[in-house]
Structures are given as C-alpha cells and as structure tokens.
Enquirer: 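Submitted below is the structure of interest, expressed as structure tokens.
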Amino acid sequence: MRFVFSLVVALILFPAATLASDLSLAKEPGYFVMLRHAYAPGTGDPANFSLNDCQTQRNLNAEGRDQAKTIGDLFRQAGVKSADIYSSQWCRCMDTAWEMELGDVRELPPLNSFFGRYEREAGQMKDLRDWLSKQPLQKPLILVTHQVVMTSLTGVFPSSGEIFILKRSENGNLDLVKRIRTLER
C-alpha cells in the first residue's frame with residue numbers, strides 16, 4: 001500500500017504525460033538511461049558477501065520488486081517497448097533489470113558497486129566511460145547500477161529506482177538531462 005501511495009505521489013508530482021515525454025528521450029539517438037536499482041532495504045552489503053550467492057547480499061524486497069515492475073511499465077507507456085539492458089552483477093541490480101521486462105539483461109562489471117572499495121573507482125569509471133564511448137546509442141540503452149557509480153559519473157546522488165537520462169555530446173561528454181524519481185521516501 002505504501003508503494004502505491006508513493007507512486008501516486010510521484011504521478012502527481014510528475015504527471016504521466018511529462019513522465020512519458022521525459023522517458024521517451026531514451027529512444028532518441030545519443031541518449032541513454034542509468035537507473036539505480038529498485039528499493040533494497042539497508043546500505044551496502046554484509047561483510048563477506050559473494051556475487052555468486054544472492055542470499056549473502058542486500059536484495060530487493062517486495063516493494064523494490066513492485067517498483068522495478070512499475071519502472072518497466074513507465075518505459076512502455078513512453079513507447080520504449082524493449083531496450084539493450086546492462087546491469088551490475090549484484091543481485092539487486094540484476095533483479096531490477098529482469099523485473100522491468102524490457103529485454104534480455106547482460107552483466108557489465110564496470111556497473112558494479114565500489115562502495116567501501118573506493119580504490120576501484122578511477123579504473124572502473126574509466127572502463128565505463130570507454131565502454132559508453134563505443135556504444136552507438138541508436139536504440140534504447142538502460143544501465144542498471146548503484147548510487148556510487150551514478151554519483152561518480154554525474155556528481156548527483158540518486159534515490160532507489162531513480163532514473164537518470166543522459167546525453168552523450170559530440171565531444172564525448174556525458175550530460176545529465178533529466179532525473180526521474182520513481183519512489184518517494
């Protein structure tokens with residue numbers, strides 16, 4: 001019920017037509033989407049977690065799964081019926097990507113979290129920028145990742161399930177064009 005109320009608040013703050021218009025930018029050449037994984041209670045991961053064992057990680061709860069499904073619905077309402085989807089290898093990101101039901105999901109390690117391991121940030125962000133520079137950006141591209149990755153790339157702190165629409169300029173810069181919150185907390 002709380003999630004439904006949050007969605008209603010979001011739709012009042014961002015009318016459906018505005019959301020559809022903003023999300024339809026994902027279909028435009030040169031644009032792409034970064035999405036922080038849907039709601040997963042807590043912060044970081046438990047000590048000694050394993051990427052190969054979701055039971056050792058912080059995961060989506062029912063509210064997060066509903067949020068991810070709603071995000072997929074919002075994209076479809078904006079005319080984005082499918083997308084190239086890449087995700088961090090963390091279970092909460094992969095689950096978010098799959099729950100949106102917008103296409104196959106591929107793992108992309110540069111989208112992984114470096115929370116608590118900031119020595120990895122510079123190399124990982126270089127790898128992500130290099131990868132993005134080679135993408136044609138001719139059809140919808142959605143990257144599901146973590147707060148630290150999105151903040152490092154844009155300087156902006158996203159909330160759970162927040163969507164960033166970015167544009168790659170001709171000189172290769174990545175510009176944050178729109179922020180869309182999908183859960184009010």
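One is the number of the first residue; the rest follow in order along the sequence.
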Enquirer: Please list all pairs meeting ring-ring contact (aromatic ring centres under 6.0 Å, His included) that have one or both residues in residues 120-147, counting only residues at least two apart or in different chains.
Expert: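 Matches after skipping sequence neighbours: His37-His146, Tyr86-Trp131, Trp90-His146.
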Enquirer: Please report the C-alpha distance between Phe115 and Thr43 in whole Å, then the side-chain angles of each, then the deciding distance to 0.1 Å, and finally whether the side chain to side chain contact (heavy atoms under 4.5 Å, CB included) criterion is met.
Expert: CA-CA 10 Å; Phe115 183 80; Thr43 303; 4.0 Å; yes
Enquirer: Considering only NZ, NE, NH1 and NH2 on the basic side and carboxylate oxygens on the acidic side, decide whether Arg36 and Glu162 come within less than 4.0 Å.
Expert: no
Enquirer: Can you find a pair of side-chain heavy atoms, one from Arg179 and one from Ile163, that are under 4.5 Å apart?
Expert: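 Side chain of Arg179 against side chain of Ile163, heavy atoms only: no contact under 4.5 Å found.
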Enquirer: Does Ile180 belong to the same Ile/Leu/Val/Met/Phe/Trp/Tyr cluster as Met34, with side-chain heavy atoms less than 4.5 Å apart forming each link?
Expert: no
Enquirer: Would Ser160 and Gln67 count as a side-chain hydrogen bond (donor to acceptor under 3.5 Å, both in side chains) if you check the C-alpha gap in whole Å, the side-chain angles of each, and the deciding distance to 0.1 Å?
Expert: CA-CA 9 Å; Ser160 295; Gln67 182 186 24; 5.7 Å; no
Enquirer: When rounded to the nearest 0.5 angstrom, what distance separates CE in Met100 from CH2 in Trp98?
Expert: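 So the gap between those two atoms works out to 10.5 Å.
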Enquirer: Find out whether Leu137 and Pro29 are in side-chain contact, i.e. whether some heavy atom of one side chain is under 4.5 Å from a heavy atom of the other.
Expert: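 Counting from C-beta outward, Leu137 and Pro29 never come under 4.5 Å.
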Enquirer: Please determine whether a side-chain nitrogen of the Lys or Arg among Lys167 and Asp175 lies less than 4.0 Å from a carboxylate oxygen of the Asp or Glu.
Expert: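 No, this pair does not count.
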Enquirer: Of all heavy-atom pairs between Thr96 and Ala38, which one has the smallest distance, and what is that distance?
Expert: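 Shortest heavy-atom separation between Thr96 and Ala38 comes out as OG1-N, 3.0 Å.
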Enquirer: Salt bridge check: are Asp130 and Lys126 linked by an N-O gap of less than 4.0 Å?
Expert: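 A salt bridge links Asp130 with Lys126.
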Enquirer: Who pairs with Ser133 by side chain to side chain contact (heavy atoms under 4.5 Å, CB included), at least two apart in sequence or on another chain?
Expert: none
Enquirer: If hydrophobic clusters are built by linking Ile, Leu, Val, Met, Phe, Trp and Tyr wherever their side-chain heavy atoms come under 4.5 Å apart, do Ile142 and Leu128 end up in the same one?
Expert: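 As far as the 4.5 Å side-chain criterion goes, Leu128 and Ile142 are not connected within one cluster.
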Enquirer: Take atom CG of Asn48 as the centre, draw a 6.0 Å sphere, and report whether it contains more than 12 heavy atoms from other residues, nucleotides or ligands.
Expert: no
Enquirer: To the nearest 0.5 Å, how far apart are CD in Glu119 and CZ in Phe114?
Expert: 10.5 Å
Enquirer: Within the supplied structure, the quantity of interest is the number of heavy atoms (other residues, nucleotides, ligands) at a distance under 6.0 Å from Arg117 CZ; does it exceed 12?
Expert: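 No, not enclosed.
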Enquirer: Heavy-atom count check: over 12 atoms from other residues, nucleotides or ligands less than 6.0 Å from Gln55 CD?
Expert: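 Incorrect, the count does not exceed 12.
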Enquirer: Under 6.0 Å from the NZ atom of Lys139, do we count more than 12 heavy atoms belonging to anything else shown?
Expert: no
Enquirer: Without swapping roles, check the side chain of Ser169 against the backbone of Asn173 for a donor-acceptor pair under 3.5 Å.
Expert: yes
Enquirer: Same cluster or not: are Val148 and Leu60 linked, directly or through other Ile, Leu, Val, Met, Phe, Trp or Tyr residues, by side-chain heavy atoms under 4.5 angstrom apart?
Expert: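 They do not share one cluster, since no chain of ILVMFWY contacts under 4.5 Å joins Val148 to Leu60.
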Enquirer: Between Leu153 and Phe164, does a side chain to side chain contact (heavy atoms under 4.5 Å, CB included) hold up when you go through it step by step?
Expert: CA-CA 11 Å; Leu153 192 67; Phe164 285 4; over 6 Å; no
Enquirer: Any donor and acceptor pair, going by atom type alone, linking the side chain of Glu28 with main-chain N or O of Ala26 inside 3.5 Å?
Expert: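 No, because the side chain of Glu28 does not come within donor-acceptor range (under 3.5 Å) of the backbone of Ala26.
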Enquirer: Can Asp45 and Gln57 be counted as having a side-chain donor-acceptor contact under 3.5 angstrom?
Expert: no
Enquirer: Linking I/L/V/M/F/W/Y whenever any side-chain heavy atoms sit under 4.5 Å apart, do Val80 and Val177 land together?
Expert: yes
Enquirer: When you look at Asn112 and Ser88, which way does the side chain to side chain contact (heavy atoms under 4.5 Å, CB included) test go after all the steps?
Expert: CA-CA 5 Å; Asn112 286 352; Ser88 157; 3.2 Å; yes
Enquirer: Specify the closest pair of heavy atoms between Gly161 and Thr182, including all atoms of both residues, with the distance to one decimal.
Expert: O-OG1, 2.8 Å
Enquirer: Who passes side chain to side chain contact (heavy atoms under 4.5 Å, CB included) against Asn52, sequence neighbours left out?
Expert: Ser50
Enquirer: May I ask you to decide whether Asp95 forms a salt bridge with Arg92, counting only side-chain N to carboxylate O separations under 4.0 Å?
Expert: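 No, Asp95 and Arg92 are not salt-bridged.
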Enquirer: With side chains defined as the heavy atoms from C-beta onward, is the minimum distance between Lys69 and Glu101 less than 4.5 Å?
Expert: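 They are not in contact (no side-chain heavy atoms under 4.5 Å apart), so the answer is no.
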Enquirer: Run Thr145 and Leu35 through side chain to side chain contact (heavy atoms under 4.5 Å, CB included) and show every step you take.
Expert: CA-CA 6 Å; Thr145 189; Leu35 167 66; over 6 Å; no
Enquirer: CD1/Ile85 to CG/Leu108 distance, rounded to the nearest 0.5 angstrom?
Expert: 13.0 Å
Enquirer: Working to the nearest 0.5 Å, report the span between CZ of Arg106 and CG of Leu111.
Expert: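 The distance works out to 12.0 Å.
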Enquirer: Report yes or no: do Tyr31 and Ile71 belong to one cluster of Ile/Leu/Val/Met/Phe/Trp/Tyr joined by side chain heavy-atom distances under 4.5 Å?
Expert: yes
Enquirer: Report the distance from atom OG of Ser113 to atom CZ of Phe49, rounding to the nearest 0.5 Å.
Expert: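 Those atoms lie 7.0 Å apart.
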